[in-house]
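Everything on this sheet refers to the single structure shown next.
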Amino acid sequence: MRSQDLRHRITIQGRTETRDANGDVTVAWADAANVAAQWLPGPGREYLAGEAIRAEVVGRFVIRYQPGITAGHRVIWDGTTYEIKAPPQGDATARRELTLMVGGGVSDG
């Protein structure tokens, strides 16, 4: 991975749930990391769901290895929220980089 390819800054957020005295669950997102990333756009798609056409942006962020990132996290980049669609893929032995497969259009994650 070349440093010059990591020209975007992304924020990785983790989901937290808390219960109040009534037992109601409140979901919040907390920043887990702010890292440099490479954006690799992938094929987008449109599909029919609930009698409405929906669009999904699919791409990949490649980042330096960060322990603890899972498919339960999300990515914020350039004002857009991306859901991590699959467990991060990395180089198992060198731990140099992670690839985050993401889809866009997430409102609350």
Check step by step if salt bridge (charged side-chain N to carboxylate O under 4.0 Å, His left out) holds for R19 and E17. CA-CA 7 Å; R19 291 193 183 270; E17 295 181 357; 6.0 Å; no
Rounded to the nearest 0.5 Å, what separates atom CD1 in I12 from atom CD1 in I69? 3.5 Å
Taking all heavy atoms of R74 and all of T81, pick out the closest pair and write down the distance. CD-CG2, 3.6 Å
Assigning hydrophobic clusters by single linkage (Ile, Leu, Val, Met, Phe, Trp, Tyr; side-chain heavy-atom cutoff under 4.5 Å), is V75 placed with W39? yes
CG of L98 to CD of Q66, rounded to nearest 0.5 Å, is 7.5 Å
Considering all heavy atoms of both residues, which atom of A36 and which atom of R9 are nearest to each other, and what is their separation? N-NH1, 3.4 Å
Kindly give the heavy-atom pair with the smallest separation between I10 and N34, and that separation in Å. O-OD1, 3.1 Å
CG on L100 to CD on Q89, rounded to 0.5 Å: 9.5 Å
side-chain contact (heavy atoms from CB on, under 4.5 Å) assessment of W29 paired with R15: CA-CA 5 Å; W29 291 90; R15 180 182 177 128; 3.6 Å; yes
Nearest heavy-atom pair of A32 and G14: which atoms, and what distance? CB-N, 4.4 Å
Same cluster (ILVMFWY, side-chain, under 4.5 Å), V35 and V102: yes
Pairwise distance OG1(T99) to CD(Q38) - rounded to 0.5 angstrom: 9.0 Å
Nearest heavy-atom contact between A37 and I63 is CB-CG2, 3.5 Å
In terms of ring plane angle, is the pair H8 and W77 parallel, tilted or perpendicular, where the classes change at 30° and 60°? perpendicular
Describe, in one word, how the ring planes of F61 and Y82 are oriented to each other, choosing from parallel (under 30°), tilted (30 to 60°) and perpendicular (over 60°). perpendicular
Between P87 and A71, which heavy-atom pair has the shortest distance, and what is it? N-CB, 4.1 Å
Between the side chain of D20 and the main-chain N/O of N22, is any donor-acceptor distance below 3.5 Å? yes
Applying a strict under-4.5 Å side-chain criterion to I, L, V, M, F, W and Y, I'd like to know whether L40 and M101 cluster together. no
